[in-house]
Amino acid sequence: MPAGRQEITIKAPLKDEEISKLKVGDRVFINGILYVARDLAHMRIIGLIEKKKPLPFDMKGQIIFYAGPTPGKNSLVSTIGPTTASRMDKFHEELLAQGIKATIGKGPRNPDVKKVLEKYRAVYFIATGGVAALLGEKVISAEMVAFPELGPEAILKLEVSKFPVIVAYDSNGGDLFEEGRKKYGT
């Protein structure tokens, strides 16, 4: 573990005091609830917000995982891996305003995302790509929440145990990608 980094276990939904402890590069293990939502689900949620209609779940303190689940023989999720987070950048501030406290994806995001994370005291985690089978083992249960007609883009509620992520952007403007570029000169 690099100096200044910590390994920490958190429980989701998140509380502000947990978020304030998280710093870029920290290895985090999540216990509790994650919601899976991708592009089409985000568009539908934004449509509901604009029409002032009820949302598919209470967003206060929740984590959204941008992911592509693959169903198993007897479950909604067998394997699950992160998808590119930057596709959801245009929806990000509106969902944070609804109470979302963290997102999980892969890759860097628009610079505006860091600003809104500071504004709403939230974080962005990255999950390792290419290990969907391993991440699927961290899912205890999965439940359909909304938009089943969207197939793999429906909103799912997952209960997870020791789900591994890394803090990429923290609530104080820290940026793991920027640190890496400075350190390795790319």
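Heads up: numbering here begins at 1 and tracks the sequence.
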Would Arg44 and Phe147 count as a cation-pi pair here, with the cationic atom under 6.0 angstrom from the ring centre and within 45° of the axis? yes
For this session: Using a strict cut-off of less than 4.0 Å between a Lys/Arg side-chain nitrogen and an Asp/Glu carboxylate oxygen, indicate whether Lys138 and Glu159 qualify as a salt bridge.
Result: no
Value for NZ (Lys101) from CG (Leu117), rounded to nearest 0.5 Å, stands at 10.0 Å
| query | For Lys21, does its backbone N or O pair with a side-chain atom of Gln6 as donor and acceptor, under 3.5 Å? | reply | yes
Separation between NZ (Lys23) and CD1 (Ile8), nearest 0.5 Å, reads 10.0 Å
Residues at least two apart in sequence or cross-chain that pass side-chain hydrogen bond (donor to acceptor under 3.5 Å, both in side chains) with Glu179, listed by chain then number, are Arg5
ask   = Does the side chain to side chain contact (heavy atoms under 4.5 Å, CB included) test come out yes or no for Glu143 and Leu156, once each step is laid out?
value = CA-CA 6 Å; Glu143 170 186 338; Leu156 301 180; over 6 Å; no
Value for CG (Leu55) from CD1 (Ile49), rounded to nearest 0.5 Å, stands at 5.0 Å
**Asked** Centres of the Phe65 and Tyr35 rings: under 6.0 Å?
**Response** no
Test item: side-chain donor near acceptor, Ser78 and Thr70, under 3.5 Å:
no
Between the CG atom in Leu150 and the CE atom in Met43, the distance rounded to the nearest 0.5 Å is 9.0 Å
d(His42 NE2, Arg87 CZ) to nearest 0.5 Å is 10.5 Å
Query raised in the report: Taking the six-membered ring for Trp, are Tyr124 and His92 ring centroids under 6.0 Å apart?
Result: no
Is the shortest side-chain heavy-atom distance between Ile63 and Ile33 below 4.5 Å?
no
For this session: Could you check if a side-chain atom of Ile166 sits within less than 4.5 angstrom of a side-chain atom of Asp26, using non-hydrogen atoms only?
Result: no
- Task: Would you mind checking if Lys182 and Glu178 are paired as a salt bridge, meaning a charged N to carboxylate O distance below 4.0 Å?
- Result: yes
Residue pairs passing the salt bridge (charged side-chain N to carboxylate O under 4.0 Å, His left out) test with at least one member in residues 119-129, sequence neighbours excluded, are Glu93-Lys119
- Task: Find out whether Gln62 and Phe57 are in side-chain contact, i.e. whether some heavy atom of one side chain is under 4.5 Å from a heavy atom of the other.
- Result: yes
Closest non-hydrogen contact found for Ile126 with Lys106 is CG2-CA, 4.3 Å
